[in-house]
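The structure appears below as structure tokens.
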Amino acid sequence: MESQLTKEAALALITPFYDSLTHPGKKPVAENIRSAASETWRSYASETVSKGREEFIMQVQGFGKILPDLTWDIKEVIVAGNRIVVRSEASGTPAGDFMGVPHGGKSFRIMAIDIHTVVDGKLAMAHHVEDWASAFRQLLAK
């Protein structure tokens, strides 16, 4: 069993991770994520859908191209044992078609909840929920 993380230790661990999500086209995304996440880290969108660290890095780098102003703003951090819960807000303006939504010059703002598990001082996995349906509604609004 992992020991209780302090809030300071949790923030030190997740800061480079979330920093990579803000304006990722201008950041050393791979370096930052690798510094925080273990080689075997997985990101779970559901119980059966996940991606590894390198796949995630490629996704974030892709977001940097299509969402050059992407911002991921941490709103709240809760530490419980070896888990870090982050409530955050993502916002951005697609520079072109985005996830099947035609480019319209509109922006979105959504909530996200992440539960990170820490093992041996590194992020080992994340379970996350992001309100992309709300982003699509905002981007398609008349």
Side-chain angles (χ1 to χ4, degrees), residues 2 4-142:
E2 290 286 313
Q4 173 76 30
L5 286 168
T6 66
K7 184 133 184 197
E8 294 75 25
L11 288 170
L13 192 53
I14 64 168
T15 295
F17 183 89
Y18 284 90
D19 184 55
S20 293
L21 302 177
T22 296
H23 300 171
K26 300 176 183 177
K27 304 276 176 74
V29 170
E31 179 182 324
N32 286 351
I33 291 175
R34 287 180 187 134
S35 76
S38 71
E39 190 174 325
T40 58
W41 177 88
R42 296 216 53 93
S43 172
Y44 290 88
S46 75
E47 292 301 315
T48 58
V49 176
S50 69
K51 63 182 58 131
R53 185 179 75 175
E54 299 309 309
E55 293 171 280
F56 182 77
I57 288 168
M58 289 173 32
Q59 177 185 340
V60 173
Q61 290 169 332
F63 277 169
K65 293 175 183 148
I66 193 66
L67 295 163
D69 67 342
L70 179 63
T71 301
W72 220 278
D73 185 25
I74 295 174
K75 299 294 187 182
E76 182 177 15
V77 175
I78 299 168
V79 179
N82 70 327
R83 297 232 163 79
I84 306 168
V85 180
V86 179
R87 180 178 59 84
S88 59
E89 182 178 72
S91 60
T93 307
D97 293 355
F98 180 65
M99 294 185 177
V101 176
H103 182 254
K106 294 182 181 177
S107 300
F108 67 84
R109 185 173 302 276
I110 63 171
M111 185 190 322
I113 304 289
D114 302 311
I115 303 171
H116 301 277
T117 301
V118 178
V119 175
D120 296 330
K122 291 264 201 176
L123 300 176
M125 72 177 78
H127 290 83
H128 60 90
V129 177
E130 293 131 5
D131 187 10
W132 289 111
S134 177
F136 299 143
R137 285 191 300 275
Q138 293 169 51
L139 295 172
L140 291 169
K142 299 277 180 206

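Numbers here are sequence positions counted from 1.
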>> Tell me every residue that passes side chain to side chain donor-acceptor pair (under 3.5 Å) with Thr71, counting only those two or more places apart in sequence or in another chain.
In response: none

> With Glu54, which residues qualify under side chain to side chain donor-acceptor pair (under 3.5 Å), at least two apart?
Replying inline: Arg34

>> Show, in sequence, the C-alpha distance, side-chain angles and deciding distance for Lys75 and Asp73, and conclude whether the side-chain contact (heavy atoms from CB on, under 4.5 Å) test is met.
In response: CA-CA 6 Å; Lys75 299 294 187 182; Asp73 185 25; 2.9 Å; yes

>> For a side-chain contact (heavy atoms from CB on, under 4.5 Å) check, start with the C-alpha distance between Phe108 and Trp132, then their side-chain angles and the critical distance, and finish with the verdict.
In response: CA-CA 9 Å; Phe108 67 84; Trp132 289 111; 3.8 Å; yes

Could you tell me whether the side chain of [X] and the main chain of [Y] form a donor-acceptor pair under 3.5 Å?
X: Lys122; Y: Trp41; value: no
X: Gln4; Y: Gly81; value: yes
X: Asn32; Y: Phe17; value: no
X: Asn82; Y: Thr117; value: no

> What residue among Leu5, Val85, Leu11, Thr6 forms side-chain contact (heavy atoms from CB on, under 4.5 Å) with Val79?
Replying inline: Leu5

> Is it true that atom CD of Glu47 has more than 12 heavy atoms of other residues, nucleotides or ligands lying nearer than 6.0 Å?
Replying inline: no

> Among pairs that include at least one residue of residues 57-69, which meet salt bridge (charged side-chain N to carboxylate O under 4.0 Å, His left out), considering only residues two or more places apart or in two chains?
Replying inline: none

> Does anything in residues 9-23 pair up under salt bridge (charged side-chain N to carboxylate O under 4.0 Å, His left out), and if so which pairs, sequence neighbours excluded?
Replying inline: Asp19-Lys27

> Which pair of non-hydrogen atoms, one from Arg109 and one from Ser134, has the smallest distance, and what is that distance?
Replying inline: O-OG, 4.3 Å

>> So which atom in Ala124 and which in Ser38 form the shortest heavy-atom distance, rounded to 0.1 Å?
In response: CA-OG, 3.9 Å

>> Let me confirm one number: the OG-NE2 distance from Ser88 to His128, rounded to the nearest 0.5 Å.
In response: 11.0 Å

> Relative to the ring of Phe63, is the ring of Phe98 parallel (under 30°), tilted (30 to 60°) or perpendicular (over 60°)?
Replying inline: tilted

>> Just to verify, what does Tyr44 make a ring-ring contact (aromatic ring centres under 6.0 Å, His included) with, not counting sequence neighbours?
In response: His127

> For His23, what residues pass the ring-ring contact (aromatic ring centres under 6.0 Å, His included) criterion, not counting sequence neighbours?
Replying inline: none

